[in-house]
Amino acid sequence: YDTIAHHIEELTDENVSDAMVSLNPDNIEIICFKCHNEAHHRFGYKAYKRVYIVHGAPFAGKEDYVNSIAETDDLIVNIERLWAAVKCNRLPDSTKPDALKAIVFGLRDKLYSDIQYRRGKWATAYVIATLPMVGERERLADTLGAELIHIDTDEETCKARAIEKNFSDSEKWITKYFEEYSE
């Protein structure tokens, strides 16, 4: 009495009329209601959502790394993109007006909260950040239930990339990162 016919390939509006999906005995298994709810992530059963904090120096290649592995429905939190979203686009990328700081950090914190409580339909979230201090990295990883990925690029390469992208004023931030970095 506690069983149900479960479609292994889930029925959707697109495939419900396809007999090879909806009526195929090889696509149906008998399972208990609890297992069925868990399989469909219903009533408190949630899909496992992975979270990664991709950290490293400015211009280390964190964003390029994430873009090379992220999929369409993945959530990517990048504070630099948040700054770009809220400030005047005539300003240089390195300009971060103090008047907008609370807005940008509020957006970031809201996204962190969504990640922490696994809100939304994303399967993988990537947080792109510098985080030179080990305590700060580990605290954020614990809060978000995240795995840390360090993009280990040397200081000279980071500075060369900054100059190549016309961010020569970023050299001081790169130097500061390497002075503060701890494992």
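Remember, predicted model here, so these are calculated numbers, not experimental data.
A distance-only check finds a donor-acceptor pair linking the side chain of K87 to the backbone of T95 [under 3.5 Å]. No donor-acceptor pair closer than 3.5 Å links the side chain of R108 to the backbone N or O of I79. Within the 3.5 Å criterion, the main-chain N or O of D74 finds no donor-acceptor partner in the side chain of T124. In terms of modelled atom types and a separation under 3.5 Å, the side chain of R137 and the main chain of P132 share a donor-acceptor contact. A donor-acceptor contact shorter than 3.5 Å is absent between the side chain of N15 and the backbone of M20.
Hydrophobic cluster membership is shared by F105 and L100, with clusters built from Ile, Leu, Val, Met, Phe, Trp and Tyr side chains linked at under 4.5 angstrom. Both L144 and L148 sit in one connected hydrophobic cluster of ILVMFWY residues. Membership requires side-chain heavy atoms under 4.5 Å apart, directly or through other members. There is no path of hydrophobic side-chain contacts, each under 4.5 Å, that joins V66 to W122. In terms of hydrophobic clustering, with Ile, Leu, Val, Met, Phe, Trp and Tyr side chains grouped at heavy-atom distances under 4.5 Å, Y112 and V54 are assigned to different clusters. Placement of Y52 and L140 in two distinct hydrophobic clusters is found when ILVMFWY residues are connected by side-chain heavy-atom separations under 4.5 Å, directly or transitively.
Nearest approach of S113 to R119, heavy atoms of both residues: OG-NH2, 2.6 Å. When all heavy atoms of N27 and V21 are compared, the closest pair comes out as ND2-O, 2.8 Å. The shortest heavy-atom contact between A60 and G56 is CB-C, 4.3 Å. Of all heavy-atom pairs between I174 and A162, the closest is CD1-CB, 3.9 Å. G61 and I151 make their closest contact through C-CG2, 4.3 Å (heavy atoms, listed as atom of the first residue, atom of the second, distance). Here the closest non-hydrogen pair linking A57 and C158 is CB-SG, 3.8 Å.
With values rounded to the nearest 0.5 angstrom, D109 atom CG is found 10.5 Å from Q116 atom CD. Rounding to the nearest 0.5 angstrom, the gap separating the CD atom in E138 from the CE atom in M133 is 13.0 Å. R139 CZ to E136 CD: the interatomic distance, rounded to the nearest 0.5 Å, is 6.5 Å. I31 CD1 to I4 CD1: the interatomic distance, rounded to the nearest 0.5 Å, is 7.5 Å. A distance of 10.0 Å separates CD1 of I30 from NE2 of H36, quoted to the nearest 0.5 Å.
Using a 4.5 Å cut-off on side-chain heavy atoms (C-beta onward), T175 and K159 make contact. No side-chain heavy atom of H6 sits under 4.5 Å from any side-chain heavy atom of F33. Proximity of E29 to I8: side-chain heavy atoms (C-beta onward) are separated by under 4.5 Å at one or more points. D73 has its side chain out of reach of K121: every pair of non-hydrogen atoms, C-beta onward, lies at least 4.5 Å apart. No side-chain heavy atom of K49 sits under 4.5 Å from any side-chain heavy atom of L75. You'll find the side chain of K101 stays beyond 4.5 Å of the side chain of K96, heavy atoms only. Considering only heavy atoms from C-beta on, N24 stays 4.5 Å or farther from I28 through its side chain. The shortest side-chain heavy-atom distance between K110 and D114 falls under the 4.5 Å cut-off.
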Subject >> Criterion side chain to side chain contact (heavy atoms under 4.5 Å, CB included) on I128 and R81, from CA distance to verdict >> reply: CA-CA 10 Å; I128 299 173; R81 296 288 178 201; over 6 Å; no

**OP:** Dump the intermediate steps for side-chain hydrogen bond (donor to acceptor under 3.5 Å, both in side chains) on T130 and K62, then the final yes or no.
**Re:** CA-CA 9 Å; T130 53; K62 301 177 297 289; over 6 Å; no

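Within a 6.0 Å sphere centred on CG of L82, other residues, nucleotides and ligands contribute more than 12 heavy atoms.
Residue pairs that meet the ring-ring contact (aromatic ring centres under 6.0 Å, His included) test with at least one member in residues 164-183, sequence neighbours left out, are F59-F167, H150-Y181, Y177-Y181.
Y126 pairs with exactly one of I53, V51, I69 by the side-chain contact (heavy atoms from CB on, under 4.5 Å) rule, that one being I69.
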